[in-house]
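Read through the structure below, which is laid out as C-alpha cells, and then see the notes.
Indexing begins at 1, ligand by ligand and atom by atom, following the structure's order.
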Amino acid sequence: LSPAEAIDLENCAREPIHVPGRIQPRGVLLVVRESDGRVLQCSTTVHEVLGSAVEDALGAHLADVLGADDGARLLTHVAQHPDLAPHNPVEIRTGAARDVATDAILHRPPLPDGAEPVVVIELEPAVVRPLSFPNTYQAVRAALADLDRAATLPALLGNAAQHVRHLTGFDRVMIYRFDADHNGEVVAEAKREDLNSFYGLHYPATDIPRQARALYEKNWIRLIDDVGYVPCDVVPTALPTTGQPLDLTFSTLRSVSPIHLEYLANMGVGASMSISLLRDGKLWGLIACHHYAGPHHPPYAVRAAAEFLGAALSVLLVAQSEEDRLAASRASARLLAGLVADSRDEDTSLVEALTADGRLLDLVGADGAVVVAEGRSASVGHVPDDAGVALLAGWFADRLAAADDEVVAIDSLRVAAPDLAERLPDVAGVLGAHLNDGQVVLWLRDEVLRSVDWGGDPHNKAIARSEGDTVRLSPRKSFERWREVVSGHSEPWAEEAVETAGALRSHLVEALYLAGRRDVRAAE
Ligand code: BLA
C-alpha cells in the first residue's frame, strides 16, 4: 500500500497493521543490536519513561539508556536465551530516578534473511500493583480445574469467559467464534451486571479483516489499554541495518489500526483486549474483552496468565467440539431412524409421516420443509403458499432430474433461479432431494439476515443508542454494508446436512419401492 493510498473502509484488509511504525504510549520500545548492545531505534516515549532525549538514546549503549545494572542484566539475559518469550517479563526499574517498577518484555522480531540480529525491548512501567505470582498461579490453576470439569462446549466457553473476567477485571469478556466465512458470533459472555448482553449476536467478517486474523494466528494476545491514546512514533522509521520498517507482529505495544480505534470508540469502548483461540493452528475465535469506564491496564503477568488460559481453552475446545459433533451426529442418526421407521408405516402416507412434526426440520436445521410424493404434498415449518410450493417443487424436480443429481444444496435461490426467487421472496436457501418421477423432499432456509441476530442490525436492542448519522464506522454501519453483500442468502448447508439428506433419500426411495410392491400385490 503506497502512503498516498489512504486506508478507508473498502481497502482496510490491505492496511499493513504489522508495520505501523508506531506504538501505544503506555511504554517505550527499544531496538537493540545484539552484537554490541547499541540502540538502533526507539519510540519517542523514551523521554517520558526513561528521561532521555531521543537523539541521546539512538546509538547509545543499552547500559547508558537503562542504567548500568539493568542494561547489563538485560543483555546477559538476551545472550543466554535463544527463546525469549517464556522468560518474560524481566523486572527492571525506570523513570528519571530509576524508582518505577517496570516489566521488560523481550522478543526477536522477524527480519529479512541475513540481517544482523536485533532484539526488541518493550518497557511497561507498572501502573497497577501486579497480582503476585502465587495469586495469578492460583487463579489459573482453579480456572483450569473448572474448565476440565465442563461437560459441553457451551459450559466450557462460559467458564472460560468467567475466569478471564475474574483474572483481568474487564467489564465484559466474550467468546467470539468464527464461522466458515469468518463471520463471528458471541457464543459465551461474562459481564458487569448492568451492561446489556451481546450473547448470541453476530458480526460480519469485515469487522476483523483478513490480515488482522492472520496476525492473530501468530501473536495470541493484544491489549489496547486506552482507546483514546495518541500513538507515538518509532524513530528512525526504518531499521538502519535493513532499511525496512520494523515488523511489530510480536510486539506488545504495537499501535493498532486507526480504523479499529474508531470502531471501538463508536461502540463506547474505553479499553479492549483479545486473545486468540486456535484450532489446528487456524483462528477458531477470540476471547474479546471490553472496558467501558475508561482505560484498563492489566499488567503483563496477568495478560500472560489470560493468554495461557486461552491456549488451554484452545486445546480443550478441540476435544469438546469433537465430542459435541459426535453427539449431534448421534442425535441426527436417531431422528433419521425414527423418520425412516415412520415412513414405512402402512397406515400413514409417507408424506404425512414425514411432516407430522418438526423432526424433518431438525434433521438438517431448516426453517421449512416440503414433501411431494405418491401424488400428494405436505409441508412443515415456514413455507410459501401452496402455489409457491408447487412451483418450487416443480423447478427442483426438473433441475434434479436434468442433472441426474440425487441431492442439491442452494444457498441463494436468487442467484440460482432469479425468476423463481422473485415469486418466492421468503425462500433463500433450498436443500433438495429427488426421490424419483418428480417426487421430492425440499428443506428451506430463511435469509441469513432474518434467521440470526446481527449485532449491527439497527432494529436490535443492543445497538448503542448514541450512534448519530455522522458515525461512519460501527457495528451498525458495517452491518449495513454487509447486508448488501449477503442479501438473499441463507446460512450455507453444511456437508453433514447434505449427507443426511442423501441418507434419508435412499431410505425413502426404498420405502416408495416397497409401498409400490405392496400396492401391486394388493391389486393382484
Ligand atoms: C480488529 N476487530 C478487531 C478486533 C476485534 C474486532 C475483537 C481485535 C482487536 C481487539 O482486541 O480489539 C471486532 N470487537 C469486534 C467485534 C466485536 C468486538 C465484532 O468486541 C463484537 C462484540 N473493523 C471494522 C471495519 C474495518 C475494521 C469495517 O469494523 C475495516 C474496514 C478493521 N478491525 C479492523 C482492523 C483490526 C480490527 C484493521 C486490526 C486491529 C489491529 O490489531 O491493528
Whether Q24 side chain and L223 backbone form a donor-acceptor pair below 3.5 Å: yes
R210, H260, M273, R14: member with heavy atom nearest to atom 4 (C) of ligand 1: H260
Where ligand 1 meets H290 - atom numbers and elements under 4.0 angstrom, heavy-atom basis: 18 (C), 20 (O)
For S274, the ligand 1 atoms whose distance to one of its heavy atoms is below 4.0 Å: 8 (C), 9 (C), 10 (C), 11 (O)
For M174, the ligand 1 atoms whose distance to one of its heavy atoms is below 4.0 Å: 20 (O), 22 (C)
Under 3.5 Å side-chain donor-acceptor pair for E496 and S329: no
Geometric class of the F198/H290 ring pair [parallel <30°, tilted 30-60°, perpendicular >60°]: perpendicular
G184 touching ligand 1 at heavy-atom level, < 4.0 angstrom: no
Geometric cation-pi criterion R26 and Y229, 6.0 Å radius, 45° cone: no
Mode of P20 contact toward ligand 1 - side chain, backbone, both, neither (heavy atoms, under 4.0 Å): neither
Ligand-side contact atoms (ligand 1) for residue partner M267, heavy atom cut-off under 4.0 Å: 21 (C), 22 (C)
Short N or O distance, R222 and ligand 1, threshold 3.5 Å exclusive: no
Backbone of G59 reached by a side-chain donor or acceptor of R38 within 3.5 Å: yes
Per atom 42 (O) of ligand 1, closest listed option by heavy atom (Y176, Y216, F198): Y216
E124 side chain to H297 side chain, donor-acceptor N/O pair below 3.5 angstrom: yes
Residues forming a salt bridge (charged side-chain N to carboxylate O under 4.0 Å, His left out) with D194, sequence neighbours excluded: R192
Close-contact set for ligand 1 against S272 heavy atoms, below 4.0 Å: 10 (C), 11 (O), 12 (O)
Residue part near ligand 1, for I259, under 4.0 Å between non-hydrogen atoms: side chain
Pair S257-E15, side-chain donor/acceptor within less than 3.5 Å: yes
Subset of ligand 1 atoms that lie under 4.0 Å from at least one heavy atom of I208: 2 (N), 3 (C), 5 (C), 6 (C), 13 (C)
Polar atom proximity, Y203 to ligand 1 (N or O, under 3.5 Å): no
Geometric N/O contact Y263 with ligand 1, under 3.5 angstrom: no
Non-neighbouring partners of F308 that pass ring pair (Phe, Tyr, Trp, His ring centres under 6.0 Å), sequence neighbours left out: none
